[in-house]
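First the structure, in the form of structure tokens, and then the observations on it.
FYI, side chains are in, hydrogens and waters are out, and symmetry mates aren't considered; it's all heavy atoms of this structure. The sequence lines fix the lettering, A, B, ..., with proteins before strands; numbering per chain opens at 1.
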Amino acid sequence: MLKIDRRRLSPLFARLLRTWGPQHWWPGETPFEVMVGAVLTQNTAWTNVEKAIANLVARDWLDADRIACLRRRDLAQCLKPSGYFNIKAQRLQAFCRWYRQAGGYPALAALPTAELREALLAVRGVGPETADDMLLYAFDRPVFVVDAYTRRLFSRLGLCSGDEPYEQLRSAVETAMGADVHAFNELHALIVRHAKEVCRVRPCCADCVLAGRCPAAHILPD
DNA sequence: TACCAGGAGAAAA
DNA sequence: TTTTCTCATGGT
């Protein structure tokens, strides 16, 4: 079973926070909007998701009851900028129908984390990362979100091999950091921010940037 | 032009 | 069980 050394993870977190500052995630007005964003951002740049959400808001459709009852093709048209629009229309309706049937946010927020996670994962179109995005950023549960950036960065730093099962990596980070909603919130957001700012510019050296000896270090604010 | 982006599920091996 | 394929727009 994978173990991540807290003495290596904590300085990494501190370095990211010092470099990029608090990220104030998730960008969303309400928990429901956060959950919609979590579905729409699957393998998609956030700027495209924002356009799709803006379309929903402009039509006054950012509502579980409304989305659940829309014609699939109307919703798909609205989601077009976020890509995979037919699949996402299907997934978002499946999620909204479940959300409504489950009693909405108050009823779901009353569930224990493990039970809520299991219920989310049973919704078609909600996988581990999407479920954990929702748990952390919409329900404030101490769950760490593992994404492709986390695997890439951690494997380059030698914290993991990168091909561990999702649950193993999530559990290892949660054990190393302790159940801390705020820390999980920031760490995941910072990893994404770091990837956007650095890996895109110079994909080979996310690790040496963090060690402070990267040729591209000039792009860092400190 | 080619590649990537805050994945998930189905199909094939 | 593991790997591969499909879904698709928009920015770089």
Measuring to OP1 and OP2 of dA8(C), would you say a side-chain N or O of S82(A) lies under 4.0 angstrom away? no
Can you check the K196(A) NZ to dC3(B) P distance for me, whole Å? 22 Å
For dG7(B), does either OP1 or OP2 sit under 4.0 Å from a side-chain N or O belonging to R151(A)? no
Determine the Euclidean distance between corresponding P atoms of dT6(C) and dG6(B); express it in Å to zero decimal places. 23 Å
Would you mind reading off the distance between Y84(A) atom OH and dG9(B) atom C1', rounded to a whole angstrom? 13 Å
Among Y105(A), Y137(A), Y99(A), find the residue that satisfies the ring-ring contact (aromatic ring centres under 6.0 Å, His included) test when tested with F32(A). Y99(A)
Distance check needed: dG7(B) P versus N48(A) CG, whole Å only. 13 Å
Residue mapping more 5' on DNA chain C - nearest nucleotide basis, N86(A) or T47(A): N86(A)
May I ask whether W46(A) stacks on the base of dA5(B), given the cut-offs of 5.5 Å between ring centres and 30° between planes? no
What's the CG-C1' distance between L79(A) and dG10(C), to the nearest Å? 15 Å
Atom P, compared across dC5(C) and dC4(B): separation rounded to whole Å: 16 Å
W26(A), nearest nucleotide to its side chain (from dT9(C), dG9(B), dG6(B)): dG6(B)
Please tell me whether W26(A) and W46(A) form a close aromatic pair, meaning their ring centres lie under 6.0 Å apart. yes
Confirm from the modelled atom types if K51(A) and dG10(C) form a donor-acceptor pair under 3.5 Å, side chain to base only. no
Starting from P on dA10(B), measure out to CD1 on I87(A) and report it in whole angstrom. 9 Å
Residues R91(A) and Q42(A): side-chain donor-acceptor under 3.5 angstrom: yes
Looking only at non-hydrogen atoms, find the nearest pair between W20(A) and H194(A) and report the distance. NE1-ND1, 3.0 Å
Nearest-nucleotide pick for D147(A), side chain only, options being dG10(C), dA8(B), dG6(B): dG6(B)
Donor-acceptor pair (no angle test) under 3.5 Å: N43(A) side chain, dG7(B) base: yes
Using heavy atoms to find the nearest nucleotide of DNA chain B for T41(A) and L121(A) separately, return the residue whose nucleotide is more 5′. T41(A)
Tell me which of V126(A) and H188(A) sits closer to the 5' end of DNA chain B, going by the nucleotide each one is nearest to. H188(A)
Euclidean distance, atom CD of residue E197(A) to atom P of dA5(B) [Å, nearest integer]: 14 Å
How many Å lie between CG on L120(A) and P on dG9(B), as a whole number? 12 Å
Using the C1' atom on both, measure dC3(B) against dA8(C) and round to a whole Å. 14 Å
In this structure, how many angstroms lie between the P atom of dA8(B) and the CD atom of Q93(A), rounded? 19 Å
Determine whether the side chains of D133(A) and T130(A) contain a donor N or O and an acceptor N or O closer than 3.5 Å. no
Could you walk me through whether D74(A) and R71(A) pass the salt bridge (Lys or Arg N to Asp or Glu O under 4.0 Å) test, one step at a time? CA-CA 5 Å; D74(A) 291 337; R71(A) 285 193 308 178; 3.0 Å; yes
